Amino acid sequence: MRGLAQTLVLTGAVRAADMSAAMAQVGEGPELQQLLVSTSLVTEAQVAEAVALHTGHRFYDMSEIEISPDVLSLVPGALCRKYQMLPLSRTRSKVTVGMLDPTDIIAIDDITSVTDLQVEAVVVAGDALRNAFERYLRSDEELSDLSEQIGESAGTTTSGVTFTETLEEGDADAPVVRFVNLLITQAINDRASDIHVEPGEKQLTVRFRIDGVLHEMQRADRSIQDGVISRLKIMSSIDIAEKRKPQDGRLSVEHEGRAIDLRVATLPTVWGEKIVMRILDNSGQAMAMSDLRFSSINDQRFRDAISRPHGMILATGPTGSGKSTTLYTALRTVANPRINVITVEDPVEYRIAGVNQVQVNNRAGLTFASALRSILRSDPDVVLVGEIRDKETAVISIEAALTGHLVLSTLHTNDAPSALTRLTEIGSEPFLVATALSAVVAQRLARRLCLRCRSPYTETSEVLTALGFPHDPYDAPQLYRAAGCQACSGTGYRGRIGLHEVMTMTDELEQLVVTRATGSEMRLVAIEQGMVTLRDDGWSKVAQGLTTIEEVLRVSL
């Protein structure tokens with residue numbers, strides 16, 4: 001849209017010098033808008049206001065509006081996504097449509113044909129339109145229609161070419177291709193962390209894990225199963241002929257201008273191959289320490305540990321508890337051009353600029369232990385080990401921490417003190433564990449309350465006392481419970497928040513490790529020395545109105 005850059009400068013949204021520098025990089029076009037927004041020179045609302053002024057259309061603020069279902073039904077969802085627009089309101093003869101580019105004549109003509117109404121194009125901000133898509137424009141109905149089309153096509157042949165072979169041609173208009181693309185798009189829009197494609201006796205079930213909880217999103221006839229699974233395996237560079245053993249793959253998609261990776265795993269079941277896709281959004285993982293929401297005491301303990309020039313820091317907890325996110329955030333905090341940072345992971349989930357990342361390859365003999373031995377010959381300052389699984393990896397990691405390296409790793413234990421006993425049970429010498437370890441972080445993820453609809457209430461002192469919730473019996477605290485609204489899809493929760501337990505090594509704990517004390521004994525000493533337990537950290541976040549009692553009880557011991 002020519003002239004938009006000049007309009008942004010004339011309105012004072014961007015300085016002329018900044019605009020000249022941006023145009024020197026990408027010229028004038030859609031790329032310029034993306035660069036200006038990504039570098040925080042302008043907001044998407046400022047861009048939309050400039051577009052409106054430049055084209056002579058009205059700017060429309062979508063932030064607080066409610067769109068009627070009757071209005072939404074005027075234009076098919078596929079058309080809205082295709083042209084990046086949304087119907088906002090209507091009168092007897094006119095429909096008002098929010099668009100990013102109100103000069104798109106083809107889009108306006110198509111909408112006129114579909115609605116048989118006069119179209120008034122208004123300009124809306126890109127982020128507001130994306131939020132409206134997430135809130136109002138779901139793909140469920142279209143997915144159902146596509147699954148029926150796939151079911152009708154499955155097993156048929158055309159000129160001797162089977163349906164599965166047609167998939168390999170990558171026909172973008174094939175129903176199975178559109179079904180898979182919509183499935184992934186909907187999962188990303190729903191903020192899902194995993195997509196489960198599960199074959200059954202009579203139906204194929206699709207479930208999304210959203211905020212740590214699985215939700216059934218789609219049921220389709222079993223006849224589409226082979227086509228959908230073959231398409232996913234082709235996209236992930238997985239052998240489609242091998243159906244008897246588990247396989248792993250990876251695929252990348254572009255969604256709203258950002259690259260998103262999906263880690264794909266297949267698992268043979270009695271009814272066919274189950275596929276689980278872990279969504280790895282690199283942009284969402286570029287977090288600062290403040291985004292981890294440590295309490296003040298836990299934040300100080302953790303920062304002190306990662307600021308040391310050497311020692312081992314462990315993140316513990318079950319799968320999906322945010323251990324990798326915490327370690328990646330710590331890695332970004334300490335990494336700089338003056339130090340050598342190397343990681344060994346299985347798999348490498350997130351790519352980090354300036355960090356040397358090694359992918360474990362057991363088939364080629366590149367295990368955690370063998371990679372670690374090579375890494376230590378590469379003069380590292382900071383080493384991240386994806387997971388300590390065996391004695392050899394544990395011993396090499398501990399020795400690295402003792403020889404002047406900062407080592408970050410994960411371990412599967414239920415709480416922080418258990419990491420000490422786990423390392424000795426694996427086969428590490430207790431006196432080496434006691435000396436090498438700097439801190440252990442145990443964590444869980446609880447669902448975060450939706451701030452738009454959370455409902456305040458007061459719990460009785462008897463219930464709070466029974467739960468161990470700290471409170472004044474004569475002044476009951478105001479708590480919040482989940483309610484449900486359109487913004488959170490009726491769940492009452494939106495996003496997740498970490499509960500943490502940070503244990504730093506002290507002389508007393510080192511002595512207990514050397515004498516092979518039990519985990520319970522070490523836990524009591526750690527609490528006496530100021531460690532805040534997972535449950536207590538959860539209670540503090542309940543008191544702040546960030547989550548609920550039920551969530552803390554669900555995820556913590």
Side-chain angles (χ1 to χ4, degrees), residues 38 40 191 193 211-212 280-317 320-343 345 348-355 357 380-387 401 405-411 415-416 419 437-448 451 494-505 526 530-534 536-538 540-541 543-547 555-556:
S38 65
S40 301
R191 302 173 294 104
S193 60
D211 295 335
L280 308 170
D281 185 353
N282 286 291
S283 63
Q285 292 299 317
M287 300 173 69
M289 285 290 292
S290 58
D291 297 324
L292 297 177
R293 300 305 294 264
F294 279 111
S295 65
S296 57
I297 184 172
N298 284 341
D299 184 69
Q300 187 59 52
R301 287 182 165 207
F302 189 63
R303 287 180 185 272
D304 288 345
I306 65 175
S307 299
R308 297 179 60 175
H310 57 81
M312 175 183 281
I313 300 165
L314 294 176
T316 73
S321 60
K323 301 186 298 296
S324 295
T325 299
T326 297
L327 292 186
Y328 277 121
T329 304
L331 205 61
R332 287 189 176 95
T333 302
V334 301
N336 63 69
R338 298 184 301 278
I339 64 173
N340 181 20
V341 181
I342 306 179
T343 76
E345 306 168 65
V348 174
E349 293 191 349
Y350 302 105
R351 272 74 169 181
I352 305 175
V355 174
Q357 297 175 274
D381 296 291
V382 180
V383 179
L384 185 146
V385 183
E387 183 182 346
H405 305 88
L406 181 64
V407 179
L408 310 176
S409 189
T410 68
L411 194 65
D415 60 7
L437 205 58
S438 299
V440 183
V441 182
Q443 69 179 64
R444 301 290 188 275
L445 292 178
R447 289 185 292 175
R448 184 195 295 260
L451 298 180
R494 185 175 176 84
R496 288 188 287 179
I497 188 168
L499 312 183
H500 304 97
E501 180 176 277
V502 182
M503 182 190 74
T504 53
M505 290 300 292
M531 183 184 79
V532 178
T533 65
L534 283 167
D536 287 340
D537 191 50
S540 71
K541 282 161 184 171
Q544 295 172 47
L546 298 174
T547 189
V555 302
S556 66

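Keep in mind the model is a prediction, meaning the values are calculated, not measured.
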Of all residues at least two apart in sequence or in a different chain, which pass the side chain to side chain donor-acceptor pair (under 3.5 Å) check with R191?
D211

When you measure from the side chain of D304 to the backbone of R301, do you find a donor-acceptor pair of N or O atoms at a distance under 3.5 Å?
no

Residues which pass salt bridge (charged side-chain N to carboxylate O under 4.0 Å, His left out) with D415, listed by chain and number, not counting sequence neighbours
R523

Side chain to side chain contact (heavy atoms under 4.5 Å, CB included) partners for T343, two or more places apart
L331, E345, V355, Q357, L384

Restricting to side chain to side chain donor-acceptor pair (under 3.5 Å), what partner residues turn up for R293, sequence neighbours left out?
none

Contacts of type side chain to side chain donor-acceptor pair (under 3.5 Å), residue S295, not counting sequence neighbours
N298

I would like to know whether F302 and M289 meet side-chain contact (heavy atoms from CB on, under 4.5 Å); could you show each step before the answer?
CA-CA 10 Å; F302 189 63; M289 285 290 292; 3.3 Å; yes

Counterpart residues, side chain to side chain donor-acceptor pair (under 3.5 Å), relative to S438 (two or more places apart):
R308

Might you point out which heavy atoms bring L408 and A330 nearest each other, and give the distance in Å?
CD1-CB, 4.4 Å

Heavy-atom closest contact (I342 atom, P380 atom, distance)
CD1-CB, 4.0 Å

Please check if the side chain of Q443 supplies one atom and the backbone of G317 the other of a donor-acceptor pair under 3.5 Å.
no

Which residues share a side chain to side chain contact (heavy atoms under 4.5 Å, CB included) with D381, sequence neighbours left out
I339, N340

Side-chain heavy atoms of D291 within contact of T329, under 4.5 Å:
no

Test of understanding: with salt bridge (charged side-chain N to carboxylate O under 4.0 Å, His left out), list the residues that count as partners of R496, not counting sequence neighbours.
none

Got a sec, which residues hit side chain to side chain contact (heavy atoms under 4.5 Å, CB included) with E387, two or more places apart in sequence or on another chain?
R389, T410, H412

V555: which residues meet the side chain to side chain contact (heavy atoms under 4.5 Å, CB included) condition with it, sequence neighbours left out?
R444, A446, L499

Keeping the roles fixed (side chain from E501, backbone from A416), state whether a donor-acceptor pair exists under 3.5 Å.
yes

In short, L437 meets M312 closest at the heavy-atom pair CD1-O, 3.6 Å

Going by salt bridge (charged side-chain N to carboxylate O under 4.0 Å, His left out), name the residues that satisfy it together with D299, two or more places apart in sequence or in a different chain.
R303

